[in-house]
Each structure stands twice: as C-alpha cells, then as structure tokens.
There are 2 protein chains.
Amino acid sequence: MATGRTHRPATRSRGIPEATVARLPLYLRALTALSERSVPTVSSEELAAAAGVNSAKLRKDFSYLGSYGTRGVGYDVEYLVYQISRELGLTQDWPVVIVGIGNLGAALANYGGFASRGFRVAALIDADPNMAGTPVAGMPVQHTDELEKIIADNGVSIGVISTPAGAAQQVCDRLVAAGVTSILNFAPTVLSVPDGVDVRKVDLSIELQILAFHEQRKAGEEAGAEAVVADAVAEAAAADVTAAGSAAEAAPTAARAENTDRKGPDGDVPAVMPA
Amino acid sequence: MATGRTHRPATRSRGIPEATVARLPLYLRALTALSERSVPTVSSEELAAAAGVNSAKLRKDFSYLGSYGTRGVGYDVEYLVYQISRELGLTQDWPVVIVGIGNLGAALANYGGFASRGFRVAALIDADPNMAGTPVAGMPVQHTDELEKIIADNGVSIGVISTPAGAAQQVCDRLVAAGVTSILNFAPTVLSVPDGVDVRKVDLSIELQILAFHEQRKAGEEAGAEAVVADAVAEAAAADVTAAGSAAEAAPTAARAENTDRKGPDGDVPAVMPA
DNA sequence: CCATCTTTGTGCACGCGTTCACAAAGACAT
DNA sequence: ATGTCTTTGTGAACGCGTGCACAAAGATGG
C-alpha cells in the first residue's frame with residue numbers, strides 16, 4: 001500500500017535545474033524550426049522570442065549545458081540542436097507503451113510529436129478483449145495480459161497511462177513491477193510509486209479550472225459577478241486593481257458598480273458566513 | 001503591440017499565489033471523492049495524503065482562502081468543497097469551444113472531467129468541411145466559418161485549441177478577436193496573444209522529453225557513466241535500457257509510413273515569425 | 001470549570017528560480 | 001593591429017514557494 005510519497009527527490013540531477021530541463025524541449029523545438037529553414041546561427045534574443053521566454057533566462061539555461069555560444073555572433077543552430085538533444089537523451093530511441101486506448105490513447109498513438117523526437121510507440125495496450133487486434137494508428141492493440149511480456153521484450157522504461165482513473169493505479173503498479181521507471185499519467189488520479197520512479201501528470205480538467213479562476217477574476221474586476229450579457233470586450237484599459245468583492249458574490253444582485261471599494265491592499269475577509 | 005508579448009503578469013492576483021491556485025483543483029478532486037463517501041470532516045494530514053502534497057503546504061494554501069478549518073477537528077468536507085469551487089469560479093457554468101476535432105479534439109469532447117466541473121462544451125469546431133455535421137460526443141461538428149457567431153451567441157470566454165500547430169495561431173487570433181480571453185492550447189506552438197488574455201499550454205511531447213531526461217540520468221548513474229572499469233554488474237538486467245542500438249531489436253511489422261526526417265507530422269514549422 | 005489533547009494557522013528560514021546589469025570575449029572593419 | 005561593436009556568460013539581488021516548528025484555538029473528558 002504505502003500511499004503518499006508521490007513526490008520527487010528530483011533536483012539531484014547533475015547540475016541542471018529542473019526548471020531549465022523543462023524548458024529545453026521548448027528551445028529544441030524552436031531550434032528545429034530554424035534548422036529546417038537552414039538558419040545557421042541565432043542570437044539569444046531571437047531564440048528567446050521564438051521560444052517565448054526571457055533572453056537572460058535562456059542564456060542562463062544554456063550556461064548550465066556549457067559554453068556553446070560565440071560572443072558577438074550567437075549560437076550555432078545545428079550544434080545546439082545536437083547538444084540539447086543529447087542532454088535530453090533524445091539521441092537514443094525510447095520505446096514507449098501506451099496503456100488505455102480510448103479516445104485519448106488513440107490520439108496519443110497518432111500524435112506525430114512522439115516519433116519525431118526520439119520516441120517510438122512500441123505497443124498499444126488495452127484491457128478490453130474486443131479491442132485486441134484492432135488497428136489503431138497502424139498498430140494492433142494488444143491485451144493487458146501481454147503487458148509484462150511486451151515491456152520485457154522491448155526494454156520499455158517509459159509508460160503512458162491513458163486509462164480511466166479507476167484503473168490507473170493498478171496499471172501503474174504492473175508497469176512498475178515490469179520494469180518501467182518513468183510514467184506519464186493522463187488519468188485524473190494521484191499515483192503512488194516507489195522511489196526511483198518518475199511520474200509526470202497531465203490533467204486536462206485542472207488546466208481548465210485554473211483558467212476559470214483567472215477568467216472569473218478578470219470578469220469580477222471589470223464588472224459585477226454574474227455572467228451578464230456576453231458583452232463585447234471593450235478596451236478595459238482601466239488598469240486598476242479593485243480588490244474583488246468576492247465575498248459578496250453570494251448575493252448576486254445584478255452589477256453594482258458603486259459597491260464600495262474600500263479596502264485597498266489587504267485581502268478581503270470573508271467576514272460573515274457562519275462556520 | 002505587434003507580436004511577442006507572451007509573458008504574463010502572473011501573480012498579480014491580489015492574494016492567492018499562483019502555485020496555490022494550481023493546487024486547488026487537486027484538493028477539490030480529493031474532497032469530492034470524500035464527499036461521495038459521505039465523510040463529514042477531514043484533517044489536513046489526511047487530505048494532504050489524498051492529494052499527494054505536504055500537509056503544511058495544504059494548510060498554508062487554505063489559509064489564503066480564509067480560516068475554514070476547526071482546530072482539533074479538521075475541515076468540513078462539504079463546506080470546503082463549496083469554498084474552493086467558488087474560489088475557482090466553478091459555481092457558474094463556463095461554456096467552452098473546442099477547435100480542431102481530430103483525435104485529440106474528439107478525446108477532449110468525450111472527456112467527462114469537463115462537464116462534472118462546471119464546464120460545458122458549447123461547440124465543436126473544425127476547418128474540414130467534410131466534418132461539418134458529423135456527430136462527435138453526441139454533438140455535431142460545426143465549421144470554422146461559424147466560429148465568431150458561436151462564441152458571440154454562447155458568451156464563450158474559454159477556448160480550447162487542438163488543431164495542428166500550423167493552424168493554431170490563426171485560430172487563436174480569431175478566438176481572441178471574437179472575445180475569448182482564456183485559451184488552453186494543445187498545439188505544439190508558442191501563441192502570441194494581447195495582454196489580458198491567458199494562455200495555458202499542454203504539450204504531450206515536452207512531458208515525454210522531460211521524462212527521457214530523467215530516465216537517461218537514472219540509467220547513466222547506475223551504469224557508472226563512462227568509467228572504463230569493467231564492472232561486473234550483477235543486476236545488469238535493468239541496465240539494458242542504455243543499449244543505443246536497440247532500435248532494430250524490436251522491429252515491429254508495421255511499416256512506420258514515411259520517414260520522420262523532414263517534416264514532422266505535427267508540423268512545427270510556422271511558429272513565430274516576427275517581422 | 002479546568003486539564004489535556006488534537007489540529008489548525010502562521011512566523012520564519014531556506015533554497016530555487018528569475019531578472020538585471022555588466023564585464024569579458026570574440027567578430028569585423030579599418 | 002587596433003578599435004569598435006555585438007552578444008555571450010554570469011555575479012548578485014530579489015521574490016516566490018516550501019517546509020519546519022510552534023503557539024493559539026478549540027474539542028473532549030473528568
């Protein structure tokens with residue numbers, strides 16, 4: 001059992017900060033695009049713009065990899081592509097299994113971004129016997145019973161879980177027992193894994209919820225609470241930060257602009273509301 | 001404002017740290033599960049374990065929302081569910097459009113996690129005329145031409161982009177022009193948006209690349225790096241992952257269509273091109 | 001009503017990540 | 001060669017996030 005401990009001791013990596021590692025794929029993509037356009041060199045400023053980050057951050061990130069730039073010129077695109085690929089371990093071929101071939105699993109199987117980056121889908125696995133043999137993305141789906149054998153035969157160390165939440169932990173346990181040490185989890189569940197196994201989580205609904213939070217904040221700043229008329233967004237250059245009266249939202253009485261704006265900096269206290 | 005400008009003002013949200021907001025959905029999920037099991041109260045320790053975080057962190061997170069706990073007892077599950085839902089803006093209904101109904105778009109349309117959390121798929125939009133009318137997830141796909149009208153009619157403020165990379169920026173521009181102010185982007189591209197618009201990115205291949213990095217590090221550590229010393233590894237079984245030439249080892253039957261050399265299926269060419 | 005026990009809420013310290021600003025390094029022109 | 005100009009690489013400051021440790025608050029039992 002042993003729940004809990006799902007976190008990573010992580011950052012013990014050889015010098016390279018976790019935040020930097022997370023950005024390397026971003027740089028790599030931008031560099032690949034430049035490479036395809038036969039651009040020979042690129043400055044930190046240009047590359048940073050293409051990757052959507054700060055140039056100083058980019059330079060510092062690269063400094064962890066070594067001094068691959070030339071002052072006064074910039075970075076050699078091809079060379080940098082190679083260095084980052086090597087650092088990320090993409091110069092080798094990573095066999096990957098996808099477990100749970102529903103809509104999402106099928107989407108992942110068809111996703112081109114994998115094959116083009118050193119990943120190879122070694123097998124598609126599903127628990128539904130009726131799916132066995134069905135071709136998805138030009139590859140027959142195999143039954144869960146074969147899981148251990150598939151992993152052993154292909155030397156798979158990375159697994160993708162796109163099953164329903166209820167099956168995720170069980171699948172995870174089997175993957176780990178079979179030798180998988182890195183898992184990308186799409187199921188909305190917290191997975192428990194032993195030390196030494198990395199888990200990364202992608203949760204679609206969480207991302208949306210975070211957006212909703214900001215959206216609500218934006219709407220609240222500008223007008224009342226309720227989703228009044230879907231008014232065309234006028235230039236809300238108001239630029240003020242009226243502390244949202246979120247507490248008052250319980251009583252949605254149209255949009256009261258007047259509504260006091262006392263309380264400047266401090267957070268708004270819920271005040272009432274019986275405990 | 002031209003292009004560029006991808007940075008976000010970030011934590012300008014008066015009060016609740018961004019990191020905390022990102023965890024609220026996690027707590028909410030755990031609490032919902034408890035609620036369904038009719039658990040009346042929960043301690044920070046228990047809830048933290050269920051959510052996979054540190055209990056101190058959880059308490060601090062909740063402290064930003066207010067003092068909703070009872071010392072010596074814990075938190076009232078139902079009450080906390082309500083408070084977090086309200087804070088995240090999930091007590092209202094958020095109409096969402098999904099643009100790009102390929103494999104991934106279809107998966108998103110079918111994803112139950114949306115409807116159960118205050119999100120409602122208002123429309124599915126695709127540029128392919130042949131898809132128009134085709135039912136996906138019990139809803140007819142509509143053509144891109146209808147985009148502006150759909151957004152206006154439904155008061156949509158959140159858009160999901162699951163198109164190929166090449167079309168993403170264009171779709172994004174249209175969404176924003178039509179009034180969308182929050183975007184969840186699945187296309188492997190950096191989107192440029194004006195201030196006031198939030199963009200969150202979910203990139204499948206980036207996550208895998210990060211895993212590959214750690215995987216490589218693990219393998220390298222164990223094998224003793226480049227040390228020439230002929231170490232007699234007893235448990236060499238797990239080390240075979242490092243074998244670089246393992247590509248030919250499996251050689252699955254299915255011919256992998258065309259080579260991935262030139263242009264990746266995801267086509268990450270366009271990207272940015274300022275000036 | 002008091003003592004004890006449980007659990008929250010938070011002050012504080014620490015470390016990571018970000019950003020600024022600038023000296024060093026090299027290209028390039030003269 | 002020398003000066004100028006561009007761009008890298010990084011020292012240092014700052015801010016955010018995390019986790020510890022503990023006092024305050026309230027429940028519970030006598």
Side-chain angles (χ1 to χ4, degrees), chain A residues 4-24 26-27 31 39-77 79-80 83-84 210 266-267 269-270 274-275, chain B residues 6-24 26-27 31 39-77 79-80 83-84 210:
Chain A
R5 279 309 156 269
T6 312
H7 237 22
R8 77 297 144 109
T11 328
R12 286 292 164 275
S13 77
R14 179 56 71 200
I16 303 181
E18 189 63 26
T20 294
V21 172
R23 280 188 295 268
L24 290 182
L26 216 55
Y27 302 143
L31 285 166
V39 177
T41 62
V42 64
S43 70
S44 65
E45 204 68 51
E46 295 170 312
L47 185 54
V53 302
N54 182 294
S55 69
K57 192 187 294 183
L58 178 142
R59 287 198 300 276
K60 176 142 290 191
D61 282 342
F62 286 175
S63 77
Y64 292 118
L65 307 183
S67 294
Y68 296 145
T70 303
R71 299 179 189 225
V73 177
Y75 299 90
D76 181 279
V77 172
Y79 186 56
L80 202 47
Q83 289 299 342
I84 294 179
I210 296 172
D266 249 47
V269 182
Chain B
T6 316
H7 79 284
R8 41 93 180 303
T11 323
R12 190 183 52 186
S13 165
R14 198 62 73 183
I16 303 182
E18 191 61 25
T20 294
V21 172
R23 280 189 293 270
L24 290 182
L26 216 55
Y27 302 144
L31 285 166
V39 177
T41 61
V42 64
S43 70
S44 64
E45 203 69 51
E46 295 169 312
L47 184 55
V53 302
N54 182 296
S55 69
K57 192 186 296 182
L58 179 143
R59 287 197 300 276
K60 179 146 293 191
D61 282 342
F62 285 174
S63 76
Y64 292 117
L65 306 184
S67 293
Y68 295 146
T70 304
R71 299 179 190 226
V73 176
Y75 300 90
D76 182 280
V77 173
Y79 185 57
L80 202 48
Q83 289 298 342
I84 294 180
I210 296 172

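To find a chain, count down the sequence lines: A is the first, B the second, and so on, and within it residues start at 1.
Between A:S55 and A:A48, the closest heavy-atom pair is CA-CB, 3.5 Å.
In this structure, the side-chain contact (heavy atoms from CB on, under 4.5 Å) partners of B:A50, at least two apart in sequence or on a different chain, are B:A30. Taking the side-chain hydrogen bond (donor to acceptor under 3.5 Å, both in side chains) definition, one finds that B:S43 meets it with B:E46, sequence neighbours left out. Not counting sequence neighbours, B:Y64 has no partner by the ring pair (Phe, Tyr, Trp, His ring centres under 6.0 Å) test. Every residue meeting the side-chain contact (heavy atoms from CB on, under 4.5 Å) condition with A:Y68, not counting sequence neighbours, appears here in chain and number order: A:L65, A:Y79, A:L80, A:Q83, A:R86. The salt bridge (charged side-chain N to carboxylate O under 4.0 Å, His left out) check on A:R59 picks up nothing, with sequence neighbours excluded. Residues forming a ring pair (Phe, Tyr, Trp, His ring centres under 6.0 Å) with B:Y75 (at least two apart in sequence, or on another chain): B:F62.
Rounded to an integer number of Å, the gap from B:F62 CZ to C:dG9 C1' is 13 Å. The distance from atom CG of B:D61 to atom P of D:dG19 is 11 Å, rounded to the nearest whole Å. Look at CD on A:E45: it is 8 Å from P on D:dT8, rounded to the nearest Å. Following rounding to the nearest Å, B:E46 (CD) and C:dT8 (P) show an atom-to-atom distance of 9 Å. Atoms CG (A:L58) and P (C:dC20) sit 14 Å apart, rounded to a whole Å. Atom P of nucleotide D:dG17 and atom CZ of B:R59 are separated by 19 Å, given to the nearest angstrom. Atoms CD (B:E18) and P (D:dG15) sit 19 Å apart, rounded to a whole Å. The distance between atom OH of A:Y75 and atom P of C:dA25, rounded to the nearest whole Å, is 16 Å.
Comparing D:dT8, D:dT18, C:dT8 against the side chain of B:K57 picks out D:dT18 as the nearest. Checking D:dG17, C:dC20, C:dT8 against the side-chain heavy atoms of B:P17 singles out D:dG17 as nearest. Nearest to the side-chain atoms of A:A56 among the listed nucleotides D:dT8, D:dG17, C:dA21 stands C:dA21.
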Summary of protein contacts for nucleotides 23-30 of chain D, nucleotide by nucleotide, where a base hit scores B, a sugar-phosphate-only hit scores S (4.0 Å, heavy atoms):
-BB-S---
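One finds no side-chain N or O of A:S43 lying less than 4.0 angstrom from the OP1 or OP2 phosphate oxygen of D:dT7. The side chain of A:Y64 places no N or O atom within less than 4.0 Å of a non-bridging phosphate oxygen (OP1 or OP2) of C:dG17.
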Could you pull out the protein-nucleic contacts involving nucleotides 11-13 of chain D (nitrogen or oxygen on both sides, under 3.5 Å)?
{"from": "D:dG11", "atom 1": "O6", "to": "A:K60", "atom 2": "NZ", "distance (Å)": "3.3"}
{"from": "D:dA12", "atom 1": "N6", "to": "A:K60", "atom 2": "NZ", "distance (Å)": "3.0"}

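The OG1 atom of B:T41 sits 11.0 Å away from the CG atom of B:L47 when rounded to the nearest 0.5 Å.
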In sequence, state the C-alpha distance, the side-chain angles, and the governing distance for A:T70 and A:D76, and then conclude on side-chain contact (heavy atoms from CB on, under 4.5 Å).
CA-CA 8 Å; A:T70 303; A:D76 181 279; over 6 Å; no
